[in-house]
Amino acid sequence: MAPHRQTALHRGRRRIPALTAAALLLAALPALGSGPAAHAAGDGTPAGAAATDSNRTGPATTGGNRTGPATADGNLTKNPGFEAGLAGWTCSGGSGAAVASPVHTGSGALKAVPAGADNARCAQTVAVRPGSSYTLSAWVQGSYVYLGADGTGTTDVSTWTPSAGSWQQLTTTFTTGPATTSVTVYTHGWYGQPAYFADDITLTGPGGGDPGDPVPGAPGGLRTGAVTASSVALSWDAVPGATGYNVYRDGTKVLSAEAASATVTGLAPSTSYRFEVSATNAAGESPKSAAVTATTSPGGGDPGPGPSVPKHAVTGYWQNFNNGATVQKISDVQSQYDIIAVAFADATATPGAVDFRLDPALNYTEAQFKADIAAKRAAGKSVVISIGGERGTVTVNDASSAAHFADSVYALMREYGFDGVDIDLENGLNPTYMTQALRALSAKAGSGLVITMAPQTIDMQSTSAGYFRTALNIKDILTVVNMQYYNSGSMNGCDGKVYAQGSVDFLTALACIQLEGGLDPSQVGLGLPASPRAAGSGYVSPSVVNSALDCLAKGTSCGSFKPSRTYPGIRGAMTWSTNWDAANGSSWSGAIGPHVHGLP
């Protein structure tokens, strides 16, 4: 497949509003998906701005059956215009109320008042049909007003406007997953901001059953399928009214599935396991099924591990394109980098599958590229293929695409000699199926597999966020999460205080969330730009990075925030990119590399 042209740098979509009281708490994450953030163009120009569907000039969306039940062919929401008060809607913290003015149409509208720790989210669960397309819209007034849908079974969506002085329309679309029968639509404001208003909230598309259906019954017919040294395939009878299933191994929930089948991976050879399954929907979770047992087969041969990642490591992205930074071959990558992430693999026509081809503009032969990777590995370095980037369109949203992902990444590992994979998806991440994909890849590649991740700050504010959930799901095989501490608005630290990017406190207080949220210190790295031109915002001098590492590892050189304990095993640091580092005289790796490698 032709290489993906990266005219803008690395990643990014939307920029988080840099509020003085921008407290990004747990409640915000389901609404924001992977979050409004932005990366930068190669010349340092911001790559994205807030995705607003405001100032529309078309006619207002009709209210459908405004106070009665929704119809299959009209608006699926109940009480979309709030003429019946808050009937059908639930607002967080008692933040919402129906008002008579201002209204967009009819006699009512929603008024919701955010607080310092509450974004005034008002939501309704709506019945839908699997594998169907929907359009969600609402008319809003206020500052930082959001509209979105959760539980779509594919990629949850949201849109927002930073300022609507008069009625403006927000609109977004989504497609439901193959087993999705209900979604939650919502609107919310922003922490510490004034009240916002919403009216005429509409969801159009095929209608489903009643979202108030009872809790489903326990699944029957649980049975085992293919068994390997590290995995057991399971299937069961579909349960009417279920929107998903939970799989339990020896009494502990290990994964969720949308269809009536799943493969449990990461198991030990020649070991007996007991499995149970429950069914779920918006009303709750069923009792567990009757248990089945399976014994994994004896372990087989490993394809052979690559070099082990050192205790303290530096990660750098290598650009397979020319965006104004120094053009490098893999052999040119500075010696301080322990993990080299080749950016990026491209999506193919097969859902979930990826491919990689060198950009012809680099004048780099495939034979030399492979030889250079082999030489780096012989020198003790790890080279991984990065999936995603700013314009990447790889999606892993079901069992089939998860299998395609694992198969194609493993094929690239064998073809080019990559040691593993870096997950840098910018367009949403499904934790259930990305977990399944990475575990399947681990089963193929063996214990030497290197898995790195590069989420944005918003993605790691809570363990309920998709990236954080994925990282915890694969903690036993995860190498390091190098969160991007740049192109970000102000964020909450683990002490609940708000910190602005560009300081030691921003790095240490946000890293603390990961360190205290379940990741091992060896799985946490600090991701920073290599030069001011490498990102739209957030560049700090190498001395700030080193101070943050010392604060976390040794309790020294801290700013106003000092962690309650030290983390001497912290993995290290990451940069975008080795090319921008070279363009800046390799000053980033020259200062940070020796410091990382000298940590206790």
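What you see below is based on every heavy atom in this structure, not just the backbone, and it leaves out hydrogens, waters and symmetry mates.
Evaluation of the ring pair (Phe, Tyr, Trp, His ring centres under 6.0 Å) rule for Phe506 yields no partner, not counting sequence neighbours. By the side chain to side chain donor-acceptor pair (under 3.5 Å) test, Ser92 is found to be paired with Asp118, residues two or more places apart in sequence or in another chain being considered. Evaluation of the ring pair (Phe, Tyr, Trp, His ring centres under 6.0 Å) rule for Phe275 yields no partner, not counting sequence neighbours. Listed by chain and residue number, nothing satisfies the side chain to side chain donor-acceptor pair (under 3.5 Å) test with Lys497 (two or more places apart in sequence, or in another chain).
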Handout entry: side-chain contact (heavy atoms from CB on, under 4.5 Å) between Leu425 and Tyr467, intermediate numbers included
Key = CA-CA 9 Å; Leu425 296 174; Tyr467 254 105; 3.9 Å; yes
Exercise for the section: Carefully, step by step, assess Val140 and Leu147 under the rule side-chain contact (heavy atoms from CB on, under 4.5 Å). Expected result: CA-CA 9 Å; Val140 301; Leu147 175 72; 5.9 Å; no
Exercise for the section: Carefully, step by step, assess Phe174 and Leu203 under the rule side-chain contact (heavy atoms from CB on, under 4.5 Å). Expected result: CA-CA 10 Å; Phe174 61 89; Leu203 180 69; 3.8 Å; yes
Practice task
Check step by step if side-chain contact (heavy atoms from CB on, under 4.5 Å) holds for Val540 and Val504.
Solution key: CA-CA 9 Å; Val540 297; Val504 170; over 6 Å; no
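When all heavy atoms of Arg129 and Tyr134 are compared, the pair lying nearest together is N-OH, 2.8 Å. The shortest heavy-atom contact between Phe468 and Ile513 is CZ-O, 3.9 Å. Of all heavy-atom pairs spanning Tyr499 and Gly493, the tightest one is CD1-N, 3.9 Å. Heavy atoms only, all atoms of each residue included: Arg249 and Val254 are closest at CB-CG1, 3.7 Å. Shortest non-hydrogen contact noted between Gln141 and Gly165 is OE1-O, 3.7 Å.
Applying the disulfide (SG to SG under 2.5 Å) rule to pairs touching residues 125-163 yields nothing, sequence neighbours excluded. Within the structure, the disulfide (SG to SG under 2.5 Å) test picks out the following pairs touching residues 112-173 (sequence neighbours left out): Cys91-Cys122.
The number of heavy atoms from other shown groups lying within 6.0 Å of NZ (Lys562) does not exceed 12.
Contact check for Val396 versus Ser401: side-chain heavy atoms found under the 4.5 Å cut-off. Counting heavy atoms from C-beta on, the side chains of Ser286 and Pro219 come closer than 4.5 Å. Counting heavy atoms from C-beta on, the side chains of Trp89 and Val185 come closer than 4.5 Å. Between Leu519 and Met460, some side-chain heavy-atom pair lies under the 4.5 Å cut-off. Considering only heavy atoms from C-beta on, Ser133 stays 4.5 Å or farther from Thr173 through its side chain. The side-chain heavy atoms of Leu526 and Leu552, taken from C-beta on, include a pair separated by under 4.5 Å. When side chains are defined from C-beta on, Glu285 counts as touching Thr280, because their heavy atoms get closer than 4.5 Å. When side chains are defined from C-beta on, Thr457 does not count as touching Gln461, because their heavy atoms never get closer than 4.5 Å.
For the residue pair Thr77/Gln124, the side-chain donor-acceptor check at 3.5 Å is not satisfied. With no hydrogens or angles considered, no side-chain donor-acceptor pair links Asp505 and Ser503 at under 3.5 Å. There is no side-chain donor-acceptor pair under 3.5 Å between Thr470 and Asn473. Using modelled atom types and a 3.5 Å distance limit, the side chains of Thr202 and Asn75 yield no donor-acceptor pair. A donor-acceptor pair shorter than 3.5 Å cannot be found between the side chains of Thr172 and Thr159. A donor-acceptor contact closer than 3.5 angstrom is absent between the side chains of Ser132 and Thr176.
Using modelled atom types, one side-chain atom of Glu83 and one backbone atom of Gly108 make a donor-acceptor pair closer than 3.5 Å. Listed for the Asn79 side chain is a donor-acceptor partner under 3.5 Å among the backbone atoms of Gly85. With Gln484 contributing its side chain and Gly527 its backbone, the two residues share no donor-acceptor pair below 3.5 Å. Here the side chain of Asn482 pairs no donor or acceptor atom with the backbone of Ala454 at under 3.5 angstrom. The backbone N or O of Met434 sits nowhere less than 3.5 Å from a side-chain atom of Asn430 that would complete a donor-acceptor pair.
Ring orientation note: the planes of Tyr146 and Trp160 are close to parallel, at an angle under 30° on the 30°/60° scale. Ring geometry for Trp236 versus Tyr245: interplanar angle over 60°, hence perpendicular rather than tilted (30 to 60°). The aromatic rings of His104 and Trp139 lie parallel to each other, with less than 30° between the two planes, well short of the 60° mark.
Between Trp190 and Tyr196, the ring center distance fails the sub-6.0 Å criterion.
Residues Asp476 and Arg439 are paired through a salt bridge, judged by an N-O separation under 4.0 Å between the basic side chain and the carboxylate.
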